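To keep things clear, I will list the structure first and then write my remarks on it.
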Amino acid sequence: LVSPDDEIRLAALATLTSHPIDEEIRIIVSEYLEHPDVQFQAAAASAMVRAGDLVTMMKALIILQRLLFSKSPEDAALGIRALGETGDERFWVNLKPILKSPRADLRLAAMRSMEKMIQMGEVQEHLDLLSSLLHDPVREIRSLVIRILSRVRSGRSMSLLIEALGDVSP
């Protein structure tokens, strides 16, 4: 986290989103919320949503919200990925409007994030949204829908899964 190399620091921040953070590291990571480079802010925000105190978590959420609603497609995609890195299923609702975007790159980023967020057996409320993406023109989006549907054990999800597997689209 204190390396002079930007790539090493970004990789270290990305790693911290999936590991517990002690107080000393939390202080260092929280400083990256103020970094001039938005990539550092996004990486730190993902980690701080998972491990920050209330004040730091709020700062992190504001950064993620700003990125998600950015006019820049690159910043929006960064925010979508960072939101997915939190692994927090509560935020899937923030991806719903993006999954209806005409931009395939943003829909794909949102599906990748949703796939990270949604854990086994917790998908029932997402079935309507997933069913609307079964025939998305982007193959990887359809693949991610299948991966998520395969985690759900219900009659409706099984019929959606059979429908998706029967799709012969390229």
Side-chain angles (χ1 to χ4, degrees), residues 10 13-19 21 29 32-33 35 37-52 54 56-154 156-161 163-165 167 169:
L10 271 173
L13 283 169
T15 301
L16 292 174
T17 61
S18 59
H19 297 290
I21 301 174
V29 172
Y32 282 102
L33 294 172
H35 196 281
D37 186 328
V38 72
Q39 290 186 352
F40 283 92
Q41 291 176 23
S46 293
M48 291 291 90
V49 165
R50 292 176 56 95
L54 186 58
T56 308
M57 187 185 302
M58 292 303 293
K59 284 181 186 178
L61 289 171
I62 290 168
I63 289 169
L64 293 176
Q65 181 182 32
R66 185 187 76 229
L67 289 170
L68 281 175
F69 295 109
S70 173
K71 299 281 187 228
S72 160
E74 294 80 16
D75 285 354
L78 178 62
I80 293 165
R81 287 190 302 273
L83 195 64
E85 291 300 325
T86 68
D88 194 326
E89 188 180 353
R90 294 175 297 176
F91 301 130
W92 81 271
V93 296
N94 299 96
L95 299 176
K96 282 176 72 171
I98 299 164
L99 289 166
K100 297 173 184 171
S101 169
R103 293 188 56 109
D105 58 332
L106 294 181
R107 285 196 323 275
L108 181 56
M111 272 307 296
R112 287 177 178 156
S113 289
M114 188 172 177
E115 200 270 334
K116 287 180 181 180
M117 287 179 190
I118 298 176
Q119 302 302 312
M120 186 178 291
E122 300 174 355
V123 186
Q124 291 293 336
E125 65 183 287
H126 313 303
L127 289 178
D128 288 337
L129 177 62
L130 292 170
S131 69
S132 71
L133 295 167
L134 281 177
H135 303 289
D136 193 276
V138 178
R139 183 180 189 165
E140 189 175 347
I141 290 175
R142 295 189 313 267
S143 290
L144 289 165
V145 169
I146 289 170
R147 285 174 53 180
I148 295 170
L149 285 173
S150 69
R151 297 180 189 161
V152 185
R153 304 289 183 246
S154 76
R156 178 152 184 247
S157 67
M158 288 301 127
S159 65
L160 290 172
L161 190 55
E163 179 183 344
L165 292 172
D167 187 354
S169 302

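It should be emphasised that the depicted structure is a prediction, and the values quoted were computed from it without experimental measurement.
A donor-acceptor pair is defined here as one N or O able to donate and one able to accept, closer than 3.5 Å; such a pair exists between the side chain of Ser113 and the backbone of Ile80. When atom types are taken as modelled, the side chain of Ser70 and the backbone of Arg66 share no donor-acceptor pair closer than 3.5 angstrom.
Using a 4.5 Å heavy-atom threshold, the side chains of Asp136 and Val145 count as separate. Within the 4.5 Å cutoff, side-chain heavy atoms of Pro137 are placed close to those of Arg107. Using a 4.5 Å heavy-atom threshold, the side chains of Glu85 and Arg50 count as separate. Contact annotation: the side chain of Leu61 approaches that of Phe91 to within less than 4.5 Å [non-hydrogen atoms, C-beta and beyond]. For the pair Leu144 and Met114, the minimum side-chain heavy-atom distance is 4.5 Å or more.
Taking CE of Met111 as the reference point, atom CG of Leu130 lies at 5.5 Å (rounded to 0.5 Å). Note that CH2 of Trp92 is 9.0 Å distant from CG of Leu99, once rounded to the nearest 0.5 Å. With rounding to the nearest 0.5 angstrom, the CD atom of Gln41 is 12.0 Å from the CD1 atom of Ile62.
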(Q) Working note: Asp128 + Arg156, criterion side-chain contact (heavy atoms from CB on, under 4.5 Å); need CA distance, chi angles, decisive distance, verdict. (A) CA-CA 10 Å; Asp128 288 337; Arg156 178 152 184 247; 2.8 Å; yes
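Across every non-hydrogen atom of Ile21 and Ala51, the tightest pair is CD1-CB, 3.8 Å. The two residues Ala42 and Ala82 come nearest to each other via the heavy atoms O-CB, 3.8 Å. The two atoms that bring Thr56 and Met48 nearest to each other are CG2-SD, 3.3 Å, heavy atoms only. In this structure, Gly79 and Leu64 approach most closely via the heavy-atom pair O-CD2, 4.4 Å. Between Ile146 and Ala164, the closest heavy-atom pair is CG1-CB, 3.7 Å.
Residues passing the salt bridge (charged side-chain N to carboxylate O under 4.0 Å, His left out) test with Arg112, sequence neighbours excluded: Glu140. Looking at residues two or more places apart in sequence or on another chain, you find no salt bridge (charged side-chain N to carboxylate O under 4.0 Å, His left out) involving Arg139.
Taking a 6.0 Å sphere around CE of Met158, one finds it holds more than 12 heavy atoms contributed by other residues, nucleotides or ligands.
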